[in-house]
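Single-structure report; data block below.
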Amino acid sequence: MSETANRPLGRRTFVLGSAAAAGTAALAGPLAAPASAAGFGYSDDGSNYVVDTGASLVFKVSKTNGDLTSLVYKGTEYQGYGGKNSHIESGLGTSTVTVKQSGSTILISVAHGTLRHYYAARSGENNVYLWTNKADDSVSATRYIVRVKAGMFLNDEPDSYTYAPTTVEASDVFAKSDGQTRSKHYSKLRVIDYDYIGWSTGSVGLYVVRSNHEKASGGPFYRSLLRHQSADGGGLYEILYYGENQTEAQRFGLQGPYVIAFTDGGAPSSALYHANLTTPWADSLGISGYVAASGRGKVAGVGITGRNTAFPYTVGLANPAAQYWGPARSSDGYFSIPGVLPGTYTLTVFKGELAVYSSSVTVTAGGTTTLNTLAIPSSNDPGNASAIWRIGDWNGSPSGFKNADLMTYAHPSDSRAASWTGNVVIGSGTETSAFPCYLWKDVNSGITVYFKLTAAQAAAAHTLRIGVTTAYANGRPQISVNDWTSSIPSPPDQPSTRSLTVGSYRGNNHTFTYSVPASAWLADTSQYNVLRINVVSGSGTTSFLSAGTSIDAIDLLT
């Protein structure tokens with residue numbers, strides 16, 4: 001049975017069963033019109049529309065609520081989790097469901113209030129294509145969950161809680177007997193890191209291939225639940241809007257296609273990956289809100305200067321209606337973002353996950369907006385500032401700090417976590433790895449940094465900066481240096497939901513600055529100055545749900 005792995009191929013990371021390394025996908029690509037397959041068509045069993053793809057997949061959609069009620073692949077039923085169907089959110093309820101066949105394509109349309117949802121099948125393919133058009137917030141969130149019967153796939157990866165009987169937090173974070181934690185929130189991955197999620201037995205693979213997320217929210221670095229396993233079965237998710245740790249307002253409109261794909265155990269066909277997936281066969285199906293390739297444009301930039309080539313750079317486009325992104329080439333910063341809906345966007349250049357450049361760009365249907373070289377001002381990158389000492393890198397994430405990697409797939413109480421306390425000495429060579437990635441009011445507030453200054457440095461005032469990536473319950477740092485204490489800073493705008501305990505440090509990057517007077521430093525330069533960082537807030541509860549914050553970098557400027 002399978003375990004999952006992150007596997008790089010080109011610039012992408014894929015999530016698949018380990019057996020997929022030796023297998024190839026048994027899928028017809030969507031780019032060419034498929035040949036007619038024996039048995040392709042649909043029928044009505046009274047309660048469901050039954051679609052035979054003419055390959056190895058037969059699926060059913062309820063005529064009353066639009067649920068996916070059956071997924072039979074090679075004669076085996078996979079759909080079914082605790083008696084529940086696969087559907088939008090927790091199920092739409094009474095809906096108007098219709099079906100039509102246009103040559104080699106079958107389209108099932110679901111209308112529920114202002115929401116429209118679609119299933120499509122292509123002759124000879126073991127795929128179900130899905131689109132969701134959400135016009136307003138009458139449906140609270142937008143996710144599609146594929147519910148899979150128990151025992152079909154083995155998974156004890158970080159996002160599984162099959163073998164975790166003890167509840168750690170709320171009703172969705174669990175601990176195994178060895179103290180390792182599991183939760184459906186612990187995917188490890190940002191949206192930019194994966195194209196599909198799923199499982200493989202070695203002979204059967206079941207995946208959800210994500211859409212381009214143009215109508216989702218949170219940008220390329222957003223993290224959310226992707227899959228889970230429990231005693232009742234498993235779930236695979238396409239998250240289009242999830243209110244947890246959100247930094248953006250919800251976007252509305254048609255999202256898709258995303259794909260439920262069965263394979264012979266290997267990875268889904270590369271033709272299904274969101275960056276390349278085109279569906280000209282869907283152009284004339286009458287899907288509400290559908291915009292064909294001819295109605296979209298492209299943004300291309302010849303290069304970006306002012307980069308620190310030790311870090312990856314990403315270019316994002318965003319407005320209230322849509323979002324897109326693409327990598328900047330490491331050699332010169334060239335980037336190309338195709339398939340963009342017409343409109344005016346804020347273009348943002350990210351160093352890692354830290355915004356260091358912003359401008360406006362307008363996209364027209366059928367056109368390419370070509371941008372001359374973008375120059376990042378030196379002052380836009382806080383890492384360019386001259387510092388007496390620095391802990392971490394200014395890259396918009398807590399990478400390199402103690403426990404940072406673990407926290408994307410575990411709870412802070414996990415037995416694998418190093419101690420959240422401990423002091424840091426500048427000049428030790430372990431400043432970053434010894435400093436905890438997260439600080440909480442009730443766990444490790446008052447973390448101490450020891451450092452020495454020269455006589456010249458001690459004779460002057462200096463600015464101390466603390467960069468954070470998110471905060472929970474308005475947690476923010478107040479500092480003291482020896483006998484001097486700063487004022488309490490105002491809390492920046494951050495998501496109000498859980499973050500640090502559900503695998504995400506992604507919020508709104510913010511830099512706190514403190515003007516430390518010369519009188520604060522020790523006159524005896526042979527002695528260590530003592531910096532204490534306390535977390536202050538009037539909100540939060542206890543332990544790891546007390547007010548907290550995630551650290552990007554800390555430095556003392558010259």
Side-chain angles (χ1 to χ4, degrees), residues 24-44 48-62 66-76 78-79 86 97-110 116-133 144 146 195-196 198 204-212 236 238 254-294 339:
T24 56
L27 289 178
L31 302 182
S36 178
F40 177 73
Y42 74 88
S43 59
D44 182 341
N48 307 277
Y49 291 119
V50 183
V51 177
D52 189 331
T53 65
S56 300
L57 175 64
V58 178
F59 66 91
K60 297 181 181 181
V61 175
S62 167
D67 283 4
L68 186 65
T69 60
S70 176
L71 277 171
V72 175
Y73 178 67
K74 293 185 177 180
T76 298
Y78 285 83
Q79 204 297 129
S86 301
V97 184
T98 58
V99 63
K100 68 177 180 180
Q101 181 171 345
S102 302
S104 58
T105 301
I106 294 170
L107 181 72
I108 296 176
S109 303
V110 181
R116 300 292 181 269
H117 181 68
Y118 303 90
Y119 301 90
R122 294 279 280 163
S123 176
E125 294 186 15
N126 292 313
N127 307 323
V128 183
Y129 297 84
L130 302 95
W131 289 263
T132 303
N133 189 336
Y144 193 91
V146 180
D195 289 299
Y196 51 83
V204 174
L206 172 55
Y207 301 93
V208 168
V209 181
R210 77 165 175 87
S211 66
N212 69 353
L236 299 176
E238 166 73 338
L254 183 70
Q255 181 68 62
Y258 48 104
V259 188
I260 302 169
F262 280 92
T263 76
D264 62 0
S269 165
S270 60
L272 293 178
Y273 303 157
H274 65 90
N276 300 317
L277 177 58
T278 58
T279 52
W281 50 266
D283 290 359
S284 60
L285 293 180
I287 295 173
S288 173
Y290 185 92
V291 179
S294 60

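Just so it is clear, the model here is predicted, and its values are computed rather than measured. All heavy atoms count here, side chains included; hydrogens, waters and symmetry mates do not.
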Apply side chain to side chain contact (heavy atoms under 4.5 Å, CB included) to residues Val72 and Gln79 and explain how you reach the verdict.
CA-CA 8 Å; Val72 175; Gln79 204 297 129; over 6 Å; no
[Y] side chain reached by [X] side chain, heavy atoms, under 4.5 Å:
X	Y	result
Tyr258	Thr132	yes
Ile260	Leu68	yes
Leu57	Leu71	yes
Gln101	Phe40	yes
Leu285	Ser102	yes
Leu272	Tyr129	yes
Ile287	Asn133	no
Tyr290	Tyr118	no

Less than 6.0 Å separating the ring centroids of Tyr49 and Tyr119?
no
Of the non-hydrogen atoms in [X] and [Y], which two are nearest, and what is the gap between them?
X	Y	result
Tyr273	Pro268	OH-O, 3.2 Å
Val97	Ser62	CG2-O, 3.5 Å
Val209	Ala261	CG2-CB, 4.5 Å
Val51	Ala121	CG1-CB, 3.7 Å
Gly66	Val110	CA-CG2, 3.8 Å
Ser211	Gly256	CB-CA, 4.0 Å

First locate atom [atom1] of [X], then atom [atom2] of [Y], and finally report the distance between them rounded to the nearest 0.5 Å.
X	Y	atom1	atom2	answer
Ser269	Tyr207	OG	OH	12.5 Å
Tyr73	Asp264	OH	CG	6.0 Å
Asp52	Ile106	CG	CD1	8.0 Å
Tyr42	Lys100	OH	NZ	11.0 Å

For side chain to side chain contact (heavy atoms under 4.5 Å, CB included), just list the numbers for Tyr78 and Val204, CA-CA rounded to whole Å, side-chain angles, deciding distance to a tenth of an Å, and then say yes or no.
CA-CA 11 Å; Tyr78 285 83; Val204 174; 3.4 Å; yes
In terms of the angle between their ring planes, are His117 and Tyr144 parallel, tilted or perpendicular, with boundaries placed at 30° and 60°?
parallel
When you measure from the side chain of Thr263 to the backbone of Gly265, do you find a donor-acceptor pair of N or O atoms at a distance under 3.5 Å?
yes
Hey, are Arg122 and Thr53 close enough side-chain-wise for a donor-acceptor pair under 3.5 Å?
no
